[in-house]
Q: 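Provided herewith is a single structure, encoded as structure tokens, for subsequent inquiry.
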Amino acid sequence: MTDNIRQIRKRVKVMLDKERYQHTLGVAYTAAALAMRYHEDVDRAFTAGLLHDCAKCIDNAEKLRLCAKYGIEVSETERKALYLLHSKLGAAIAERDFDIKDRGILDAIRYHTTGRPAMSLIEAIIFTADYIEPGRSEAPDLEEIRALAFTDLTAGIKKILGDTLKYLDGRDRPVDPATKETYDYYTASGGRVPGC
Ligand code: FE
Ligand code: FE
């Protein structure tokens, strides 16, 4: 582990509550394991995992204030479900406060909640690691999805997106159109994660 990664880890720990920090470590290590499996750079994946939820524990009023300050546009869906904002805002904080210049890492943070069509490998890895990390227990078919993620990343993503849409629909929770678009891209349009 590089000194830089150690620094990021220390700083992130202060920004998050205990539970969110545990989740963050779970995502970082799971992302590193997926990176080993699919030949992504392990340090990049670990860094993106550490930072993916860095904006999660900022309260909603402050999230909105920071979005305005950083010129981040807040969509209709995000206004109704402010937690969705933590991905965009997290990417902005990673860039400004953590001096991350790697576009791939920033996009992996930015799109980790909804995914997006034609995700890069590192985006797909963070999206997946967020769902399957060891601290998760609530999602259905987790055992199956965890195995799938390490055998066929595209298939894993399809199953995660399908289950997420089902879950949100069943609870009358707002669905970000990006989740549906991503689902359609990997199912109806037959999109695949590059190299997987
Ligand atoms: Fe998140
Ligand atoms: Fe997360």
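When a ligand or atom number is given, it counts from 1 through the structure's own listing order. Bear in mind the structure is a predicted one, so any value in this text is a computation, not a measurement.
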Q: Please find the pair of heavy atoms, one from Leu121 and one from Pro194, that lie closest to each other, and give the distance.
A: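 In terms of heavy atoms, the two residues are closest at N-CG, 4.1 Å.
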Q: Give me the number of protein N, O or S atoms whose distance to the Fe ion (ligand 1) is under 2.8 Å.
A: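 With waters ignored, the protein N/O/S count below 2.8 Å is 3.
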Q: Among the N, O or S atoms of His23, which one sits nearest to the Fe ion (ligand 2)?
A: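 Per the distance ranking, His23 contributes NE2 as its closest N/O/S atom to the Fe ion (ligand 2).
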Q: Taking the side chain as C-beta and beyond, is there a heavy-atom pair between Ile126 and Ile109 under 4.5 Å?
A: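 Of all side-chain heavy-atom pairs linking Ile109 with Ile126, none is under 4.5 Å.
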Q: Partners of Arg20 by salt bridge (charged side-chain N to carboxylate O under 4.0 Å, His left out), sequence neighbours excluded?
A: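 So Arg20 forms a salt bridge (charged side-chain N to carboxylate O under 4.0 Å, His left out) with Asp53.
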Q: For Arg110, check side chain to side chain donor-acceptor pair (under 3.5 Å) against everything at least two apart and list the hits.
A: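 If we apply the side chain to side chain donor-acceptor pair (under 3.5 Å) test to Arg110, skipping adjacent residues, there are no hits.
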Q: Please report, to 0.1 Å, the donor-acceptor pairs under 3.5 Å made by any side chain of residues 66-76, with sequence neighbours excluded.
A:
residue: Ser75; atom: OG; partner: Glu78; partner atom: N; Å: 3.2
residue: Ser75; atom: OG; partner: Glu78; partner atom: OE1; Å: 3.2

Q: Does Asp102 use its side chain to pair, donor to acceptor, with the backbone of Ile105 at less than 3.5 Å?
A: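 Checking the backbone N and O of Ile105 against the side chain of Asp102, a donor-acceptor pair under 3.5 Å is found.
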